[in-house]
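Predicted model only: the values in this text are computed from it and were never measured. Naming convention: chains lettered A, B, ... in sequence-line order (proteins, then strands); numbering from 1 in each chain.
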Number of protein chains: 2
Amino acid sequence: MAATIKDIAKKVGVSPSTVSRVINGTASISEETKRKIHQAMKELDYHPNSFARSLVNGNTFIIGLVIDAGNSDSFSNAFFVRSVSAIETVAQTKGYNVLITNDSSSENNNAVKNLVLERKVDGIILPVQCMTQELVELMLNHQIPFVVMGEPEQHNQKIFWIDMDNAEGARLAVEHLLSQNYKCPILLAESQETIFEKKRSAGYIEVCRRHQIAHPMVFACDSDEKVRVLTEQIASGAVQADSVICANNIIAFKVLRALKNKGINVPESIGIIAFDNYPLAEYLEPALSVVDIDTYKLGEQAANILFGQIRDKQVTPSSALIPTQIIARESTGK
Amino acid sequence: MAATIKDIAKKVGVSPSTVSRVINGTASISEETKRKIHQAMKELDYHPNSFARSLVNGNTFIIGLVIDAGNSDSFSNAFFVRSVSAIETVAQTKGYNVLITNDSSSENNNAVKNLVLERKVDGIILPVQCMTQELVELMLNHQIPFVVMGEPEQHNQKIFWIDMDNAEGARLAVEHLLSQNYKCPILLAESQETIFEKKRSAGYIEVCRRHQIAHPMVFACDSDEKVRVLTEQIASGAVQADSVICANNIIAFKVLRALKNKGINVPESIGIIAFDNYPLAEYLEPALSVVDIDTYKLGEQAANILFGQIRDKQVTPSSALIPTQIIARESTGK
DNA sequence: GAGAGAACTGCAAACGTTTGCACAGAGGAA
DNA sequence: TTCCTCTGTGCAAACGTTTGCAGTTCTCTC
């Protein structure tokens with residue numbers, strides 16, 4: 001039903017090629033013809049068929065965005081939405097659309113492979129958790145640009161990536177605590193296995209060393225029980241600490257609750273600062289100080305890096321660390 | 001570079017049509033030929049080109065999902081992510097992909113129009129806030145199925161929609177408070193303008209009437225100042241209330257904080273229950289009781305309704321209300 | 001007033017599929 | 001034997017674009 005290039009050609013009395021050339025501005029066409037064609041396009045409500053286009057010129061103007069549903073806990077959510085929104089906005093301004101795919105709902109990366117093999121997307125943005133060796137090879141083989149969100153463990157590959165500056169965030173957190181007259185911060189992480197936790201630990205340790213803090217310590221808080229034990233040790237003095245840096249917000253909430261239950265004052269006796277500016281942080285009592293990151297910018301930059309490859313044929317792998325900043329609230333206001 | 005149907009045909013020694021028929025199972029083909037073709041497909045690593053396909057058979061196997069970036073506050077986030085994930089999962093099982101578009105980043109619904117006019121998506125899911133008259137007409141004209149997330153104000157159109165059962169949620173909240181021996185619940189909403197707030201009000205009023213509660217009251221809490229004034233009035237007895245139902249979580253947090261600052265005990269003196277199970281609700285003190293909704297199911301059902309139109313050619317408008325449930329925590333444990 | 005380029009336009013092939021039509025051969029039924 | 005129905009396959013057109021090549025007309029330049 002929809003008008004095609006041929007309908008316009010017929011109506012104006014030119015060949016389809018001429019119409020195509022007017023649409024794409026790909027040759028010099030007399031003003032008169034241009035005018036008529038544009039008018040006919042209006043009248044017939046013409047819109048180019050993107051498939052026919054893709055078929056001949058080989059690119060689809062679609063990028064794929066892999067979302068990690070396995071990780072759909074609420075903490076990746078806030079991060080996620082603004083990033084997605086940013087990616088889509090950037091894509092739109094460049095004339096691209098964004099196809100999302102849920103990695104975990106299919107075995108074996110099949111959904112992502114489908115993007116490459118059948119949908120022929122022009123590029124892919126994917127979270128580091130979804131980056132399998134097989135997938136990387138597939139994308140490299142098919143020469144399809146991709147950007148990884150989150151720093152990969154090994155840097156031995158030609159991979160473009162982007163991440164928040166975890167190490168810097170940890171450094172800033174320690175500096176902040178010291179500036180508030182805390183003397184002995186410890187770091188609480190969920191485990192020590194993910195790269196971002198390693199980076200945070202490293203940043204923490206580095207600043208502690210620099211300031212000659214006696215015993216920098218990193219604790220694994222991967223269960224409620226551990227949190228309970230730890231707060232008891234802090235209370236009894238078995239663990240020397242006057243402040244904690246929590247590698248994520250949920251740990252912070254648990255610790256805060258445990259401390260209050262023990263009658264330990266926050267921020268007077270113990271200061272708390274957490275990673276990720278989870279929106280409710282400011283409604284806690286005391287309001288939680290956090291290491292914040294601009295998730296919109298994160299997505300925006302990821303998209304920019306991708307389009308650097310797609311459009312500007314940039315080929316030397318680049319990476320970017322999005323700066324973090326401290327939002328000081330009551331929980332570190334000794 | 002990628003292998004085409006012709007390459008396979010050549011390799012096996014049949015015509016492209018035969019290969020196509022084997023792929024689509026659209027005619028009877030001898031077992032022998034089938035076997036050879038399948039083998040050749042493996043060897044050449046063949047994957048059908050979705051564009052060429054779409055070009056001839058008219059459907060794209062892509063659905064559009066409009067996201068409302070204007071509303072990217074954290075409270076729609078949690079809702080959003082799980083819904084999106086659900087929609088994508090359903091789509092994937094039906095062989096469809098999901099194209100997202102950010103409505104607000106373009107003027108005049110242009111981005112969404114683009115989905116219809118150029119991308120030729122087979123269906124669209126969009127939030128009710130993005131549903132303009134113009135868009136509805138466009139989609140109807142082009143006979144492209146769509147599902148609205150959120151109940152539209154007017155029902156005079158042939159529109160498929162889905163929503164959480166706001167009225168029922170409010171009813172359950174009142175019933176819950178009464179069962180906990182609160183006698184006089186009031187409702188706090190941000191405004192009275194959105195349809196979901198109206199529904200919640202209606203459900204609240206209805207149950208109050210049924211239980212002959214003296215003065216059912218709905219307050220607009222659209223600023224911190226109003227929250228402050230209201231809590232003072234509650235404290236002084238100027239407003240008679242022993243419990244509040246908050247139309248969203250942020251109001252709940254503000255009220256809780258204001259009450260505590262006034263030294264009013266929750267849940268002993270005032271009970272609080274809020275809509276939306278925001279993940280941190282359980283970490284507040286006291287842990288917040290909420291009206292919960294299964295956002296995954298919401299997305300899942302939206303997708304199912306859409307595919308009902310796309311694949312089963314269902315044509316009589318349907319709608320669905322996703323049931324809510326009470327999660328009782330400390331804040332209503334008088 | 002001839003030759004050269006520039007400006008403008010058309011023809012037809014190509015992109016990778018699907019599908020209506022046709023046809024050959026096989027296997028019965030009459 | 002003749003006719004009919006199936007099964008299996010190929011031919012060629014079609015989907016809506018883009019684009020290399022070639023052709024025509026026009027405008028200079030000498």
Side-chain angles (χ1 to χ4, degrees), chain A residues 1-38 40-41 44-62 95 97 114 116-122 142, chain B residues 1-38 40-41 44-62 95 97 114 116-122 142:
Chain A
M1 294 306 107
T4 75
I5 220 173
K6 289 183 190 169
D7 300 326
I8 301 194
K10 190 169 292 175
K11 174 155 191 162
V12 176
V14 295
S15 79
S17 350
T18 305
V19 179
S20 171
R21 287 191 256 254
V22 168
I23 293 171
N24 298 293
T26 168
S28 64
I29 303 285
S30 74
E31 288 305 321
E32 174 64 6
T33 325
K34 270 190 203 167
R35 222 208 62 248
K36 286 201 240 165
I37 288 180
H38 278 128
M41 283 180 11
L44 297 180
D45 192 31
Y46 170 79
H47 295 269
N49 181 321
S50 57
F51 295 111
R53 242 177 203 190
S54 299
L55 189 57
V56 24
N57 68 18
N59 44 33
T60 58
F61 291 94
I62 290 181
N97 283 109
N114 176 64
V116 177
L117 296 170
E118 307 200 359
R119 287 295 178 192
K120 320 270 187 203
V121 295
D122 290 342
H142 286 255
Chain B
M1 296 306 110
T4 76
I5 219 172
K6 289 182 190 169
D7 299 325
I8 300 193
K10 189 169 295 175
K11 175 155 189 163
V12 177
V14 296
S15 80
S17 351
T18 304
V19 178
S20 171
R21 287 192 255 256
V22 167
I23 292 171
N24 297 294
T26 169
S28 63
I29 304 284
S30 75
E31 287 306 319
E32 174 63 6
T33 325
K34 270 190 203 166
R35 221 208 64 248
K36 284 201 241 167
I37 289 180
H38 278 127
M41 285 182 6
L44 296 181
D45 193 31
Y46 170 79
H47 295 270
N49 180 321
S50 57
F51 295 112
R53 242 178 204 189
S54 299
L55 188 57
V56 26
N57 69 19
N59 43 33
T60 58
F61 291 95
I62 291 181
N97 283 109
N114 176 65
V116 178
L117 296 170
E118 306 200 0
R119 287 296 179 192
K120 319 272 186 200
V121 295
D122 290 341
H142 286 255

Margin query: Regarding Thr26(A), tell me which of base, sugar-phosphate or nothing describes its non-hydrogen contacts under 4.0 Å with the strands shown.
Written below: nothing

Here the distance between atom P of dA13(C) and atom NZ of Lys6(B), to the nearest Å, is 13 Å

Whole-Å distance, Ile37(A) CD1 to dG10(C) P, equals 8 Å

- Item | Any Arg53(A) side-chain nitrogen or oxygen under 4.0 Å from OP1 or OP2 of dG16(D) | no

Against the side chain of Ile29(A), the closest entry in dT9(D), dT17(C), dT9(C) is dT9(C)

Lys36(B) NZ to dG8(D) C1', in whole Å, measures 13 Å

Here the distance between atom P of dC11(C) and atom NZ of Lys10(A), to the nearest Å, is 13 Å

Between Ala3(B) and Leu44(B), the two heavy atoms sitting closest are CB-O, 3.6 Å

Would you mind reporting whether Ile23(B) and Ile5(B) have side-chain heavy atoms less than 4.5 Å apart? yes

Atom NZ of Lys120(B) and atom P of dG16(D) are separated, to the nearest Å, by 8 Å

Is the distance from OP1 or OP2 of dT9(C) to the nearest side-chain N or O of Ser30(A) less than 4.0 Å?
-> yes

Judged by nearest nucleotide, the residue sitting upstream toward the 5' end of DNA chain D, Leu55(B) or Thr33(B), is Thr33(B)

Looking only at heavy atoms, the pair that brings Ala40(B) and Val12(B) closest together is CB-CG2, 3.6 Å

Rounded to whole Å, the CG-P distance (Asn59(B) to dT18(C)) equals 11 Å

Axis-to-axis angle across the helix from dG1(C)-dC30(D) to dA30(C)-dT1(D), five pairs each end, nearest 10 degrees, ~ 50°

Minimal heavy-atom distance between Pro16(A) and Ala9(A), with the atoms involved, is N-CB, 3.6 Å

Please assess Val19(B) against Tyr46(B) for the test side chain to side chain contact (heavy atoms under 4.5 Å, CB included), listing each intermediate value before the final yes or no. CA-CA 11 Å; Val19(B) 178; Tyr46(B) 170 79; 5.8 Å; no

Minimal heavy-atom distance between Ile29(B) and Lys34(B), with the atoms involved, is O-CE, 3.6 Å

Glu118(A) and Ser50(B) have their tightest heavy-atom pair at O-OG, 2.8 Å

When rounded to whole Å, the CD1 to C1' distance for the pair Ile5(A) and dG16(D) reads 8 Å

Phe61(A) CZ to dT18(D) P, in whole Å, measures 10 Å

The answer to which of Asn57(B) and Ser28(B) contacts DNA chain D further toward the 5' end, by nearest nucleotide, is Ser28(B)

Numerically ordered, the residues 13-25 of chain A set in heavy-atom contact under 4.0 Å with DNA chain D is Ser17(A), Ser20(A), Arg21(A), Asn24(A)

Margin query: Main chain of Phe61(A), side chain of Asp122(A): is a donor-acceptor contact present, judged purely on distance under 3.5 Å?
Written below: yes

For Lys120(B) and Phe51(A) the tightest heavy-atom approach is CB-CE1, 4.1 Å

